[in-house]
Amino acid sequence: QVQLVESGGGLVQQGGSLRLSCAVSGSIFGIYAMGWYRQAPGKQRELVAAKTSSGSTNYADSVKGRFTISRDNAKNTVYLQMNSLKPEDTAVYYCATINTGGLPGDWGQGTQVTVSS
């Protein structure tokens, strides 16, 4: 059983930056991938970024060139660096494990990101 705890959300102005952290209480070596999802009010939850255990990454088109997913193996933590933030990035961001079928397994509690114009 994997426990995920997100942090780093907050209120920022358009054009600003935030770094989200996802601390994992168990080993992620056997997990196919880790991902960041977001959900805005009235909208579907969407995959923002993912990184496999082998280092492969993918991003939603809306965040390419602005967001970067990374990991610190020593700290067993996954990060999402968010630059050039836009109001449309406003959402609750969730960290999750992703299985070999591409489906999320365990979820964190979520952290609110609000970008003002």
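Quick note: numbers below take in every heavy atom, side chains included, and nothing from hydrogens, waters or symmetry partners.
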* For Gln109 and Val5, what are the C-alpha separation, side-chain angles and deciding distance, and is it a side chain to side chain contact (heavy atoms under 4.5 Å, CB included)? -> CA-CA 7 Å; Gln109 83 286 354; Val5 180; 4.2 Å; yes
* **Check against side chain to side chain contact (heavy atoms under 4.5 Å, CB included), Val113 and Met82** => CA-CA 10 Å; Val113 172; Met82 305 185 294; 3.9 Å; yes
* For side chain to side chain donor-acceptor pair (under 3.5 Å), just list the numbers for Ser54 and Ser56, CA-CA rounded to whole Å, side-chain angles, deciding distance to a tenth of an Å, and then say yes or no. => CA-CA 6 Å; Ser54 63; Ser56 178; 5.7 Å; no
* Verify side chain to side chain donor-acceptor pair (under 3.5 Å) between Thr77 and Asp72, making sure each step is shown before the conclusion. => CA-CA 5 Å; Thr77 301; Asp72 186 328; over 6 Å; no
* Give the intermediate values and the outcome of side chain to side chain contact (heavy atoms under 4.5 Å, CB included) for residues Thr97 and Met34. => CA-CA 5 Å; Thr97 62; Met34 298 294 299; 3.8 Å; yes
* Asked: Between Gln112 and Thr114, is a side chain to side chain donor-acceptor pair (under 3.5 Å) present by the stated rule, with each step listed?
  -> CA-CA 6 Å; Gln112 176 71 46; Thr114 303; 3.3 Å; yes
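Taking 4.5 Å as the limit, every side-chain heavy atom of Leu103 sits out of range of all side-chain heavy atoms of Ile98. Residues Gln81 and Ser70 have side chains not in contact (no heavy-atom distance under 4.5 Å, counting atoms from C-beta outward).
Residue Asn76 comes nearest to Gly26 through the heavy atom pair ND2-O, 2.5 Å, listed as atom of the first residue, atom of the second, then distance. Closest non-hydrogen pair, Ala96 versus Pro104, comes out as CB-CB, 4.3 Å. Annotation for Arg66 and Ser84: closest pair NH1-O, 3.0 Å, computed over non-hydrogen atoms. In terms of heavy atoms, Lys51 sits closest to Ile69 at N-CD1, 3.8 Å. Across all non-hydrogen atoms, the minimal contact from Val48 to Val63 is O-CG2, 3.7 Å. The shortest non-hydrogen separation linking Glu6 to Cys95 is OE2-N, 2.6 Å.
Under a cutoff of 6.0 Å and an axis angle of 45°, Arg45 and Tyr94 form a cation-pi pair.
Judged purely by atom type and a 3.5 angstrom limit, Thr90 uses its side chain to pair as donor or acceptor with the backbone of Val115.
Listed by first then second residue, pairs satisfying salt bridge (Lys or Arg N to Asp or Glu O under 4.0 Å) with a partner in residues 22-41 read Arg38-Glu46, Arg38-Asp89, not counting sequence neighbours. Sorted by first then second residue, the ring-ring contact (aromatic ring centres under 6.0 Å, His included) pairs that include residues 32-51, not counting sequence neighbours, are Tyr37-Trp107.
Residues passing the ring pair (Phe, Tyr, Trp, His ring centres under 6.0 Å) test with Tyr59: none are found, sequence neighbours excluded.
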